[in-house]
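Let me begin by presenting the structure, written as structure tokens, before commenting on it.
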There are 2 protein chains.
Amino acid sequence: MSESRNRPIGVAFLLAQLGAHAAGRFAARVAELGLSPADVGLLRMIAFQPGRSQQSLAADLGVVPSRVTAMLDPLDRAGLVERRRSAGDRRNHELHLTAEGTRVMEDVKRTAMAHEADLTSCLSPDQRGQLLALLELVADDQGLTPGVHPGYRRS
Amino acid sequence: MSESRNRPIGVAFLLAQLGAHAAGRFAARVAELGLSPADVGLLRMIAFQPGRSQQSLAADLGVVPSRVTAMLDPLDRAGLVERRRSAGDRRNHELHLTAEGTRVMEDVKRTAMAHEADLTSCLSPDQRGQLLALLELVADDQGLTPGVHPGYRRS
DNA sequence: TATTGTTATACTCTATAACTATA
DNA sequence: TATAGTTATAGAGTATAACAATA
């Protein structure tokens, strides 16, 4: 409680704390759509590059291919993604969103906007712009890929 | 890669991304001291309030008492914390840092300062102050307790 | 023989519940 | 009977390795 008097809180700690908070809130919101944050990440990657293979997904996510199989199974069963055998190389699955999957991603987009609005509601438009710029500065300096959430994997 | 062209990146996502990055980097740093971030959190709480019980720790952390036992065991074996039977109520363990534990916490403090410096090295002192102020504004508005990292538990 | 995706297995993390020793 | 801490057990999550189909 009075811990803050003793120890100066730095940018690094605040980022970790607020980041976990933001991620937790987002998880709670998309849970109402029946999705986990990992599900959302997977759906976004498929929406952005339809037809990609599970191997390429595994490589980009930094996880093992068997993990992608396990993550994809429920989304497939729920009718949000479709695995199509590639005509050219029948070992491949070409991944696509279904119509339902596309609709769900619209819900996710609305959810993300509400999340953003809630998190920054205490800031003036000016302050929000400043914060965004400073965060982008640090993210860029730290070599983070835009739009790719690292989870907690390899640094 | 060119994802950023399509989808505007917001404050919420950047916070989650940078927060995970900062947490991961910190984890890598303290791993060199043989500690996990959870270990550090536990040591900090004991350092701040010596003599506290495992129950109070469990309550503050939002975890179950048996979890505290499991987290404490390696720190005890490593000689960083000491469990002293309370004289007043012999069911209790009063938790204290050992001399070695106190020394390790000095290392942790140096590590945290290096971490902070690295993460904000691209900012001018002015920018760093602005970022700190804006993050504190949001953290306060979101009801976050100073100095307490929520992990990914209950929102 | 190499590669895509799947299945089987093992390991880690965490929670629930049963247990002990005190009170 | 209730409480502090421990131990035992079970469930998620994730990685490694063996496997089947295709190239």
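Labels below follow one simple rule: chain letters A, B, ... track the order of the sequence lines, proteins then strands, and each chain is numbered from 1.
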Considering non-hydrogen atoms only, spot the tightest contact between [X] and [Y] and give its length.
| X | Y | value |
| --- | --- | --- |
| A12(B) | A22(A) | O-CB, 4.0 Å |
| C122(B) | Q127(B) | O-OE1, 4.2 Å |
| L57(B) | L42(B) | CD2-CD1, 3.7 Å |

[atom1] of [X] versus [atom2] of [N]: gap in Å, rounded?
| X | N | atom1 | atom2 | result |
| --- | --- | --- | --- | --- |
| L42(A) | dG5(C) | CG | P | 13 Å |
| Q54(B) | dA21(C) | CD | P | 16 Å |
| R52(B) | dA4(D) | CZ | P | 14 Å |
| L72(A) | dT14(D) | CG | P | 15 Å |

(request) Please list, chain by chain and in numerical order, all residues satisfying side chain to side chain contact (heavy atoms under 4.5 Å, CB included) with Q54(A), sequence neighbours excluded. (result) V68(A), T69(A), L72(A), R83(A), H93(A), L95(A)
(message) Restricting to side chain to side chain contact (heavy atoms under 4.5 Å, CB included), what partner residues turn up for S66(B), sequence neighbours left out?
(response) V64(B)
(message) For T98(A), give me all partners under side-chain hydrogen bond (donor to acceptor under 3.5 Å, both in side chains), at least two apart in sequence or on another chain.
(response) none
(request) Mark yes or no: R44(B) above the aromatic ring of F13(A), with NZ or CZ under 6.0 Å from the six-membered ring centre and no more than 45 degrees from the axis. (result) yes
(request) Report the nucleotide, chosen from dG5(C), dT6(D), dA4(D), that has the shortest atom-to-atom distance to any side-chain atom of Q55(B). (result) dA4(D)
(message) If you only use heavy atoms from C-beta on, which nucleotide in dA15(C), dA15(D), dG5(D) is closest to the side chain of V64(B)?
(response) dA15(C)
(request) Measure from the side-chain N and O atoms of D39(B) to the backbone N and O of S36(B), and report whether any donor-acceptor pair falls under 3.5 Å. (result) yes
(request) Residues of residues 76-92 of chain A with any non-hydrogen atom less than 4.0 angstrom from an atom of DNA chain C: list those, numerically ordered, please. (result) R83(A), R91(A), N92(A)
(message) Can you give me the bend angle of the helix from dT1(C)-dA23(D) to dA23(C)-dT1(D)? Use the axis through the first five pairs and the one through the last five, nearest 10 degrees.
(response) 30°
(message) Distance alone, cut at 3.5 Å: any donor-acceptor contact between the side chains of D89(B) and S86(B)?
(response) no
(request) Scan side-chain atoms only and decide if H96(B) and E82(B) contain a donor-acceptor pair under the 3.5 Å cut-off. (result) no
Sub-3.5 Å pairs of nitrogen or oxygen atoms, protein against nucleotides 7-13 of chain C:
none

(request) Flag the pair R103(B) and E100(B) as a salt bridge only when some basic side-chain nitrogen lies within less than 4.0 angstrom of an acidic carboxylate oxygen. (result) yes
